[in-house]
Undergrad: 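Sharing a structure, written as structure tokens. Questions coming.
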Amino acid sequence: MATPKALRIAGVELEPWESDYLVGALGAGRFSEKHLEVAGDLGDPEVLSIFIYSKITKEALDKLPSLKLITTLSTGFDHIDLAACRDRGVTVCNVPSYGENTVAEQAMALLLAMTRKIIPAVERTRHGDFRLDDLRGVDLSSKTAGVIGTGRIGKHMIVALKGFNMNIVAYDARPQPELAKELGFTYLELNDLMKQSDVVTVHCPAIPETRHLINEVRLRMMKPDAYLLNTARGMIVDTQALVNVLNEGHLAGVGLDVLEEETFIIDERQLLSKPFNQQNDLRTVLADHVLLNHPRVIITPHNAFNTKEALIRILDTTIKNIRGFEMGQPVNVVS
Ligand code: NAI
């Protein structure tokens, strides 16, 4: 079989190490850290790798006369006018997933940090204090974990929690009975999950139906010494309600990687990019601020996706998208 002709490749919104990685795999190309509008001359590319700050409109396509493929480093593709791409015969590919185990691992890290009081323990020993006072933790083994959302990340979380010998219950708007049988867990109604779980961990999407899914009524259903984890999206948990119940002494610990004010986050990789700019709702910011200083809350800065391997998986998928297209077998096509 003849080797397909290598296409002219360009990429924007790439950090220098990402450009080097793509050059290593794909050969020459024109790559820029800037977004499309200000990236300068890209050499009339046939393939263009973009991220969410590069808006693909009909006008943008007019400036790229030889373009055949757009591949976005994101999962979402709202920044691309798919109809305009179709009219011009431009294929569009995305990165459907990259951090399933990665986010679950961060949720486990938050949980263990709380149940074993890792943060105060380390802070103390750093200061030469080796006393055990107030450092007694709790076991996870034989306790019940409630997983909300049994999709890609939720599945990894179930496997991780089972590794600690926990009993798993789950809630999902679209339960998968086969998966429950395979992994050994039981689906419950959400309120029953809230009541029965020693650990509740959130892994469902942020959609209108999940806004404040974890509201004050449901928080009060939780066992007083239960733990809550949210590594999905801030708006799923009602921040003000969380502050209220914590202030009344309810819940042993809350581990958050996401905060409610972050409604503007479209794709995690955005957090590493330069144009990222925060626009916050003041009331939620204030409530989030209270959480930040709360002794039973630990917060990480939406960092769950951020491992070396996960970021490389985004680039590897992009390389596969480009190679697949060149070979006439496109993958991860959204339009
Ligand atoms: P997924 O789409 O694979 O799974 C989501 C699951 O939630 C599905 O099983 C779906 O049926 C279920 N679901 C949908 N609507 C629901 C509802 N109303 N109530 C309960 N369950 C519902 O998604 P994936 O990849 O597992 O991601 C889960 C969450 O993690 C998302 O919110 C995503 O934005 C977030 N995330 C966070 C990251 C971070 O760095 N903190 C990184 C990547 C994803």
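Counting convention: from 1, in listed order, for ligands and their atoms alike.
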Undergrad: Nearest protein heavy atom to atom 21 (N) of ligand 1, by residue and atom, and its distance?
TA: Ala173 N, 3.4 Å
Undergrad: Which is closest to atom 33 (C) of ligand 1 by heavy-atom distance: Arg211, Arg233, His203, Arg152?
TA: Arg233
Undergrad: Give the residue and atom name of whichever protein heavy atom lies nearest to atom 32 (O) of ligand 1, and the separation in Å to one decimal.
TA: Cys204 O, 2.8 Å
Undergrad: Other members of the hydrophobic cluster containing Ile50, with the 4.5 Å side-chain heavy-atom rule, please.
TA: Val12, Leu36, Leu42, Leu48, Ile56, Leu61, Leu64, Leu67, Ile70, Phe77, Ile80, Leu82, Val90, Val92, Val334
Undergrad: Using every non-hydrogen atom in the two residues, find where Glu260 and Met235 come nearest and quote the distance to one decimal.
TA: CG-CA, 3.7 Å
Undergrad: Please tell me whether Thr201 and His203 have a donor and an acceptor in their side chains that are separated by less than 3.5 angstrom.
TA: yes
Undergrad: If you have a sec, work out which protein heavy atom is nearest atom 8 (C) of ligand 1 and how many Å separate them, to one decimal?
TA: Asp172 OD2, 3.5 Å
Undergrad: Counting each atom of ligand 1 from 1 as listed, which ones have a heavy atom of Asp257 under 4.0 Å away?
TA: 39 (C), 40 (O), 41 (N)
Undergrad: Give the numbers and elements of all ligand 1 atoms closer than 4.0 Å to a heavy atom of Phe305.
TA: 40 (O), 42 (C)
Undergrad: Does the side chain of Tyr171 pick up a donor-acceptor pair with the side chain of Asp192 at under 3.5 Å?
TA: no
Undergrad: Considering only non-hydrogen protein atoms, determine which one is nearest to atom 18 (N) of ligand 1 and report residue, atom name and distance to 0.1 Å.
TA: Thr210 CG2, 3.3 Å
Undergrad: Suppose we measure from atom 19 (N) of ligand 1 to each protein heavy atom; which comes out shortest, and what is that distance?
TA: Tyr171 CE2, 3.6 Å
Undergrad: Enumerate the atoms of ligand 1 whose separation from the nearest heavy atom of Thr231 is less than 4.0 angstrom.
TA: 37 (C), 38 (C), 39 (C), 41 (N)
Undergrad: Heavy-atom contacts under 4.0 Å between Asn303 and ligand 1: side chain, backbone, both, or neither?
TA: neither
Undergrad: Less than 3.5 Å apart, any donor N or O on the side chain of Gln106 or Thr300 sitting next to an acceptor on the other?
TA: yes
Undergrad: Between Asp41 and Arg30, is the closest basic N to carboxylate O distance under 4.0 Å?
TA: yes
Undergrad: Number the atoms of ligand 1 from 1 as they appear, then name those within less than 4.0 Å of a heavy atom of Val103, with their elements.
TA: 38 (C), 42 (C), 43 (C)
Undergrad: Using a distance-only test with no angle check, is there a side-chain donor-acceptor pair under 3.5 angstrom linking Arg313 and Ser97?
TA: no
Undergrad: Considering heavy atoms of the protein only, find what lies nearest to atom 44 (C) of ligand 1 and give residue, atom and distance to 0.1 Å.
TA: Ile153 CD1, 3.6 Å
Undergrad: Of all the non-hydrogen atoms in the protein, which one sits nearest to atom 38 (C) of ligand 1, and at what distance?
TA: Glu268 OE2, 3.1 Å
Undergrad: Quick one: which ligand 1 atoms are inside 4.0 Å of a heavy atom on His302?
TA: 39 (C), 40 (O), 41 (N)
Undergrad: Are Arg269 and Ser74 close enough that a side-chain donor and a side-chain acceptor fall under 3.5 Å?
TA: no
Undergrad: Could you tell me whether the side chains of Asn321 and Asn332 share a donor-acceptor contact shorter than 3.5 Å?
TA: yes
Undergrad: Is there a donor-acceptor contact under 3.5 Å linking the side chains of Asn244 and Asn247?
TA: no
Undergrad: For atom 15 (N) of ligand 1, what's the nearest protein heavy atom and its distance?
TA: Ile207 CD1, 3.7 Å
Undergrad: Out of Pro205, Gly151, Ala304, who gets a non-hydrogen atom closest to atom 7 (O) of ligand 1?
TA: Pro205
